[in-house]
Amino acid sequence: RYIALNDFCREQFIVGGLPRERICVKPNFVDVPPPGQAERRGFLFVGRLSKEKGVGTLAAASARLTASERVAVIGQGPESGLFDGVAGVELLGARDGNGVLDSMTKAAALIIPSIWYENFPRTLVESFACGLPVIASRLGALETLIDDGVNGLLFTAGDEVDLAAKMNWAAANPQAMAAMGREARRKYERLWTGDRNYDQLLGIYREAITSRKMGEQV
């Protein structure tokens with residue numbers, strides 16, 4: 001069996017020539033306790049500061065924000081200079097896992113502005129586990145992982161005007177974003193916990209063993 005992280009990746013593997021019947025889907029997971037009830041403000045980006053991660057789009061969108069919302073940026077990389085002079089952006093550098101999770105429990109939304117195909121970002125799972133809705137590019141797997149208007153918002157990849165519009169809307173509608181955060185946590189508990197992932201992995205092993213016993217060539 002081959003394991004894909006989501007349905008979008010599975011379809012790409014099929015296009016690439018892997019046999020459809022042998023590709024199973026098992027997502028990433030994290031184990032994170034329910035978040036507290038702290039006040040949430042501002043936006044958060046976590047990742048490498050590089051072109052493919054859409055850092056240029058985020059920098060340009062941040063310059064268009066009409067609300068005085070802070071944009072916290074966790075990460076390092078060659079594109080960090082794009083944020084120079086952009087009001088409200090705070091470059092926090094690298095943070096360990098606990099530091100990232102702490103920031104996720106305080107922000108109002110995580111931004112994933114990637115302009116390339118993501119597989120299944122760990123930051124997305126962590127964000128949902130922290131009750132943090134995600135504003136992400138409508139691209140590849142991200143479009144299938146985020147339910148637009150339910151547990152996050154989608155925008156046109158590479159379009160800083162559209163991203164800024166979504167961020168401005170989020171800043172103006174904190175109660176709606178809080179409701180999306182609660183839905184994000186519910187989706188995490190339903191699909192992306194360690195226990196759920198363990199059951200999925202055992203199911204894949206059982207399927208492979210059964211197929212072998214029935215004479216399928218492996």
Side-chain angles (χ1 to χ4, degrees), residues 1-35 46-48 50-54 74-75 77 94-101 104 110-154 157 180-218:
R1 291 296 182 269
Y2 301 95
I3 296 178
L5 292 173
N6 52 67
D7 290 328
F8 175 81
C9 291
R10 181 176 185 271
E11 291 303 315
Q12 297 306 304
F13 291 143
I14 292 169
V15 171
L18 294 182
R20 176 183 296 272
E21 67 278 6
R22 295 192 185 178
I23 307 175
C24 301
V25 174
K26 185 188 74 66
N28 286 329
F29 73 96
V30 296
D31 281 318
V32 175
V46 180
R48 177 170 167 76
S50 54
K51 182 177 181 179
E52 69 276 6
K53 291 295 187 179
I74 294 178
R95 290 288 187 274
D96 63 16
N98 289 332
V100 169
L101 292 177
M104 285 181 170
L110 179 78
I111 312 296
I112 303 181
S114 298
I115 58 174
W116 72 345
Y117 287 155
E118 295 284 356
N119 288 318
F120 199 120
R122 181 182 174 88
T123 52
L124 188 149
V125 187
E126 291 173 333
S127 181
F128 274 40
C130 290
L132 179 64
V134 176
I135 301 175
S137 302
R138 188 182 287 104
L139 180 70
L142 295 175
E143 185 175 7
T144 68
L145 296 171
I146 296 166
D147 306 299
D148 193 20
V150 177
N151 46 43
L153 300 170
L154 296 171
M180 289 185 199
R182 292 189 290 272
E183 287 299 323
R185 176 69 193 190
R186 292 188 187 102
K187 184 167 186 176
Y188 159 77
E189 292 176 347
R190 188 172 70 252
L191 300 176
W192 299 333
T193 65
D195 288 342
R196 175 61 175 150
N197 204 272
Y198 177 75
D199 289 341
Q200 289 175 310
L201 182 59
L202 285 186
I204 292 170
Y205 279 125
R206 292 190 188 102
E207 181 181 309
I209 292 170
T210 300
S211 297
R212 178 72 173 185
K213 288 179 178 178
M214 295 177 63
E216 177 187 300
Q217 183 180 356
V218 178

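Computed over heavy atoms, backbone and side chain alike; hydrogens, waters and symmetry mates excluded.
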**Q.** From CG (L154) to CG (D148), nearest 0.5 Å
**A.** 4.0 Å
**Q.** Atom pair CZ (R122) and CG (L5), whose distance is rounded to the nearest 0.5 Å
**A.** 12.5 Å
Q: Identify the heavy atoms of I14 and I23 that sit nearest to each other, and give their distance.
A: CG1-CD1, 3.6 Å
**Q.** Pairwise distance CG(D31) to OG1(T193) - rounded to 0.5 angstrom
**A.** 6.5 Å
(Q) What I'd like to find out is whether the side chain of L201 reaches to under 4.5 Å of the side chain of F29, using heavy atoms alone. (A) no
Q. Do you know which two heavy atoms are closest between W192 and P27, and how far apart they sit?
A. CD1-CG, 3.7 Å
Q. Looking only at heavy atoms, what is the nearest atom pair of V30 and A129, with distance?
A. CG2-CB, 4.1 Å
Q.
Rounded at 0.5 Å granularity, tell me how far OG in S211 sits from CZ in R1.
A. 4.0 Å
**Q.** NZ (K51) with more than 12 external heavy atoms under 6.0 Å
**A.** no
(Q) Please check this pair: side chain of S137 against backbone of I115, looking for a donor-acceptor N/O pair closer than 3.5 Å. (A) no
Q) For D195, does the CG atom sit with more than 12 other heavy atoms under 6.0 Å from it, leaving out its own atoms? A) no
Q. Are the side chain of T144 and the backbone N or O of A141 linked by a donor-acceptor pair below 3.5 Å?
A. yes
Q) Can E183 and R190 be counted as an ion pair, charged N to O under 4.0 angstrom? A) no
(Q) Restricting to non-hydrogen atoms, name the atom on M104 and the atom on S127 that form the minimum distance, rounded to 0.1 Å. (A) SD-N, 3.6 Å
Q) Atom CZ of F128 and atom CZ of R186: how far apart are they, to the nearest 0.5 Å? A) 12.5 Å
Q. With a 4.5 Å limit on heavy-atom distance, are the side chains of M180 and L153 in contact?
A. yes
Q | Shortest non-hydrogen separation from A157 to S114 and the atoms involved | A | CB-O, 4.2 Å
Q) With side chains defined as the heavy atoms from C-beta onward, is the minimum distance between N151 and I146 less than 4.5 Å? A) yes
(Q) As an exercise, state the distance from OG1 of T123 to CG of L110, rounded to the nearest 0.5 Å. (A) 5.5 Å
Q | Short N-O contact, E11 and R20, less than 4.0 angstrom | A | yes
Q: Mind listing the closest non-hydrogen atom pair of V32 and Y188 along with its distance?
A: N-OH, 3.2 Å
Q.
Using the rule given for side chain to side chain contact (heavy atoms under 4.5 Å, CB included), can you reason through K187 versus D147, listing the C-alpha separation, both sets of side-chain angles and the distance that settles it, and then say yes or no?
A. CA-CA 10 Å; K187 184 167 186 176; D147 306 299; 3.2 Å; yes
Q) With a 4.5 Å heavy-atom cut-off, do K53 and E118 have their side chains touching? A) yes
Q: Under the side chain to side chain contact (heavy atoms under 4.5 Å, CB included) rule, what do L142 and L124 come out as? Steps first, then yes or no, please.
A: CA-CA 9 Å; L142 295 175; L124 188 149; 4.0 Å; yes
